[in-house]
Number of protein chains: 2
Amino acid sequence: MTARRRVRPRKLPTQARAKATVEVIVEAAARILVRHGFEGMTTNRVAEKAGVSVGSLYQYFPNKESLVAELERRHHAELRAAFEEALPQAMALDVAGAVSLLIQSAVKVHTINPELHRVLSEEIPRIGPAPEFKAFEQEVYENLKAYFEARRSELCVPDTGLAAFIVLRTVEASVHDTMIHQTTPQNLGLLGQELSRMITLYLTGGPVSAKPARAKLGKAAWH
Amino acid sequence: MTARRRVRPRKLPTQARAKATVEVIVEAAARILVRHGFEGMTTNRVAEKAGVSVGSLYQYFPNKESLVAELERRHHAELRAAFEEALPQAMALDVAGAVSLLIQSAVKVHTINPELHRVLSEEIPRIGPAPEFKAFEQEVYENLKAYFEARRSELCVPDTGLAAFIVLRTVEASVHDTMIHQTTPQNLGLLGQELSRMITLYLTGGPVSAKPARAKLGKAAWH
DNA sequence: TGAAGATATGAGTAAATACTCACTTTCACC
DNA sequence: GGTGAAAGTGAGTATTTACTCATATCTTCA
């Protein structure tokens, strides 16, 4: 039913001016997406804003979707870069430190073009998150889980996968909501402290759940 | 010559058959929204599925948006009902009990037509959440904050508003994600236990953040 | 019963917009 | 400067789809 549409560019720019054209189109698209939302982003409008003809746009992007896909691709690359810088550092720290750094990184990631981030995460009509972004989240999940497993002796959780899931969802949801919908810089500091305290307590502190690590809960269960 | 656009007010169904027509339209709309997504939901299709003419649809819904709005209205009424049943009970319990019940309620709420819930929360293009839903969330937030304030002596948090925010975001995000994207019934039990443990620990257990309740953090900050 | 209003019909319209293509211009290379 | 390929153009097309309205059919109630 849902015929998957082609997302790859039909033509790759080889000459310098063609590359410049692609850049100018992508930038205009981002600007318009932020300013007018997905609905208000028409290909003609993007071309006009870019100072380029619609034909040129369609030379490199076979359809509107592919243009948005390129915006996502670039944005996610930025997010990933910000995260991958912090991850190795976190792996070396103790639990409290790692949690703190994770939260800091989440904040930092949400500092990157938050307007675009909001539009991409809220306004683009699609079934579930983009596969590329899902892969990114999966990767972070795997890393965190591996870290938990390496530090198992220090932890008080029945399932490292579940713990990774809860921690990621908690941090992401709290930070995202704060940054996207109601940021003031002051909030952020205390939010980070509290999240950090809650998660560290959860991981290392309190009494474990009733039936710890009883059955194989399946690594597939908490992706 | 002023070509004035005729603005027909939406007609309210008075006769029984008219009410039946509205019902049949709303039900078809919900079915199609779930099955084909927002993009695939055309007014003609809804009318056809409902066994009714497009004209009839437009007799009661001035435009497509209003039809979706009605679906949201009904769905949110169900959510609210489920929550408002549990809230008074929770107020009477101790912190651990209240947290448990809150999580249970969140799960219960996400059991109501999860397919529709997913589409409404993910696929409907709009800027931020619907105002009606926002009001609902706000109400839950206020209640939880009030509860925290009443139990202040038992708690270990610097700011009840911030605590309410974190707790709600955490529960909602974890439960939503689990129910909408990767449910198996088994997961749910342990997830609830772990969330419960984490949040209770956070609220009552561990050492408070560095600078507790220093400045007026503003009740407006954590809505 | 029959008139007046309520309800239902669905072919047709208007408008928006993603996308094309015949053509022109620019570039790379000799 | 000539030539072939790459890049660029933008008026126009094709399609989709929300929405209308003249007309027909039901309901109510005097």
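Being a predicted model, the structure only gives us computed values, none of them experimental. So that the names make sense, note that chain A is the first sequence line, chain B the second, and so on, each numbered from 1.
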Whether B:H117 and B:H75 hold their rings parallel, tilted or perpendicular, with breakpoints at 30° and 60°: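 Judged by the thresholds at 30° and 60°, the geometry between B:H117 and B:H75 is tilted.
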Any [X] side-chain N or O less than 4.0 Å from OP1/OP2 of [N]:
X: A:Y60; N: D:dG8; result: yes
X: B:T43; N: D:dT17; result: no
X: A:T14; N: D:dA5; result: no
X: B:S53; N: C:dT9; result: yes
X: A:S56; N: D:dT9; result: yes
X: B:T21; N: C:dT7; result: no

5'-most by nearest nucleotide on DNA chain C - A:G55 or B:G51: B:G51
Touch class at under 4.0 angstrom, heavy-atom based, for B:N63 against every strand present: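 Sugar-phosphate, backbone atoms only, no base.
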Smallest separation among heavy atoms of A:P114 and A:H110, with atom names: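 In terms of heavy atoms, the two residues are closest at CB-O, 3.7 Å.
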Minimum-distance nucleotide (side-chain atoms of A:T42 versus D:dA18, D:dA7, C:dA18):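 Among the listed nucleotides, the one closest to the side chain of A:T42 is C:dA18.
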Rounded to whole Å, how long is the line connecting atom [atom1] of [X] with atom [atom2] of [N]?
X: A:F61; N: C:dT17; atom1: CZ; atom2: P; answer: 20 Å
X: A:E48; N: C:dA18; atom1: CD; atom2: C1'; answer: 16 Å
X: B:Q15; N: C:dA4; atom1: CD; atom2: P; answer: 17 Å
X: A:L57; N: C:dT17; atom1: CG; atom2: C1'; answer: 13 Å
X: A:I25; N: D:dT9; atom1: CD1; atom2: C1'; answer: 12 Å
X: A:K64; N: C:dA18; atom1: NZ; atom2: P; answer: 5 Å
X: B:Y58; N: D:dA22; atom1: OH; atom2: C1'; answer: 18 Å
X: B:N44; N: C:dA14; atom1: CG; atom2: P; answer: 17 Å

5'-most by nearest nucleotide on DNA chain D - B:R17 or B:E39: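 Result: B:E39.
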Position toward the 5' end of DNA chain D (nearest nucleotide), B:A16 or A:V52: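 Residue closer to the 5' terminus by nearest nucleotide: A:V52.
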Cation-pi geometry met for B:K64 and B:F38 (6.0 Å, 45°):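 The answer is yes; both the distance and angle limits are met.
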Between B:H181 and B:R118, a side-chain donor and acceptor under 3.5 Å: no
A:E194 and B:Y202: side chain donor to acceptor below 3.5 Å: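 Per modelled atom types, A:E194 and B:Y202 side chains form a pair under 3.5 Å.
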